[in-house]
Amino acid sequence: MSLGTVDDAEFQAWASRVKGRIDSGQLKKEIGQSTKRIGVQAIRTLKVNTPVASGTLRKAWTAEGPSVSGGGWVVKVSNPTEYASYVESGHRTRNHKNWVPGQFFMKNSLNAINSQLPDLITPGLWAFRNLLS
């Protein structure tokens with residue numbers, strides 16, 4: 001007993017388009033560009049939000065990447081300044097009698113960057129996403 005035939009030509013055409021975009025490296029290129037844009041914006045936002053006394057902390061921000069790690073794309077943003085975490089989270093004074101409150105510039109910057117993520121994704125990546133839907 002047969003229930004009939006299924007015409008999957010439309011599905012096959014869609015699958016072929018998706019495979020073509022993946023095989024051409026276009027998807028990898030678009031993800032790399034989007035990840036790089038996120039890293040650039042992260043550095044900009046961090047620098048704007050970093051408090052300035054001497055300027056050393058603000059100038060020390062760096063970004064590495066994008067790269068692929070653990071099945072995902074990564075941009076490593078760092079600040080090697082020894083006292084960055086103390087400015088961020090707060091610290092005791094040298095005489096241990098007072099507390100200097102944290103500035104939370106990294107936390108605030110990450111929240112701002114997260115809210116900007118949809119705008120940082122390249123149009124090509126959105127086009128690929130729309131192709132999958």
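Since the structure is predicted, the reported quantities are computational estimates derived from the model, not experimental observations.
For the side chain to side chain contact (heavy atoms under 4.5 Å, CB included) test, residues two or more places apart in sequence or in another chain that qualify with Gln116 are Gln41, Thr45, Ala112, Leu120. With sequence neighbours excluded, no residue forms a side-chain hydrogen bond (donor to acceptor under 3.5 Å, both in side chains) with Asn98. Residues passing the side chain to side chain contact (heavy atoms under 4.5 Å, CB included) test with Ser78, sequence neighbours excluded: Thr62. Under the side-chain hydrogen bond (donor to acceptor under 3.5 Å, both in side chains) criterion, Lys97 pairs with no residue, sequence neighbours left out. For Trp61, the side-chain hydrogen bond (donor to acceptor under 3.5 Å, both in side chains) partners two or more places apart in sequence, or in a different chain, are Thr50. Looking at residues two or more places apart in sequence or on another chain, you find a side chain to side chain contact (heavy atoms under 4.5 Å, CB included) between Tyr83 and Ser54, Thr56, Leu57, Thr81, Tyr86, Val87. Taking the side-chain hydrogen bond (donor to acceptor under 3.5 Å, both in side chains) definition, one finds that Glu10 meets it with nothing, sequence neighbours left out.
Hydrophobic cluster membership of Trp99, counting Ile, Leu, Val, Met, Phe, Trp and Tyr whose side-chain heavy atoms lie under 4.5 Å apart directly or via other members: none, as it forms a cluster of its own. Residue Val52 shares its hydrophobic cluster (ILVMFWY side chains chained together at separations under 4.5 Å) with no other residue.
Within the 4.5 Å cutoff, the side chain of Val74 has no heavy atoms near those of the Val68 side chain.
Listed for the Glu64 side chain is no donor-acceptor partner under 3.5 Å among the backbone atoms of Lys76. One N or O on the side chain of Glu88 and one on the backbone of Phe105 form a donor-acceptor pair closer than 3.5 Å.
The stretch residues 66-75 participates, sequence neighbours left out, in no side chain to side chain donor-acceptor pair (under 3.5 Å) pair at all. Residue pairs that meet the side chain to side chain donor-acceptor pair (under 3.5 Å) test with at least one member in residues 101-115, sequence neighbours left out, are Asn49-Ser109.
Arg58 and Lys47 make their closest contact through NE-O, 2.7 Å (heavy atoms, listed as atom of the first residue, atom of the second, distance).
Val77 and Met106 fall within the same hydrophobic cluster, where Ile, Leu, Val, Met, Phe, Trp and Tyr residues are linked whenever their side-chain heavy atoms come under 4.5 Å apart, directly or through other members.
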Hey, can you pull the donor-acceptor pairs under 3.5 Å for the side chains in residues 31-40, sequence neighbours left out?
| from | atom 1 | to | atom 2 | distance (Å) |
| --- | --- | --- | --- | --- |
| Ser34 | OG | Glu30 | O | 3.2 |
| Ser34 | OG | Thr122 | N | 2.9 |
| Ser34 | OG | Thr122 | OG1 | 3.1 |
| Thr35 | OG1 | Ile31 | O | 2.8 |

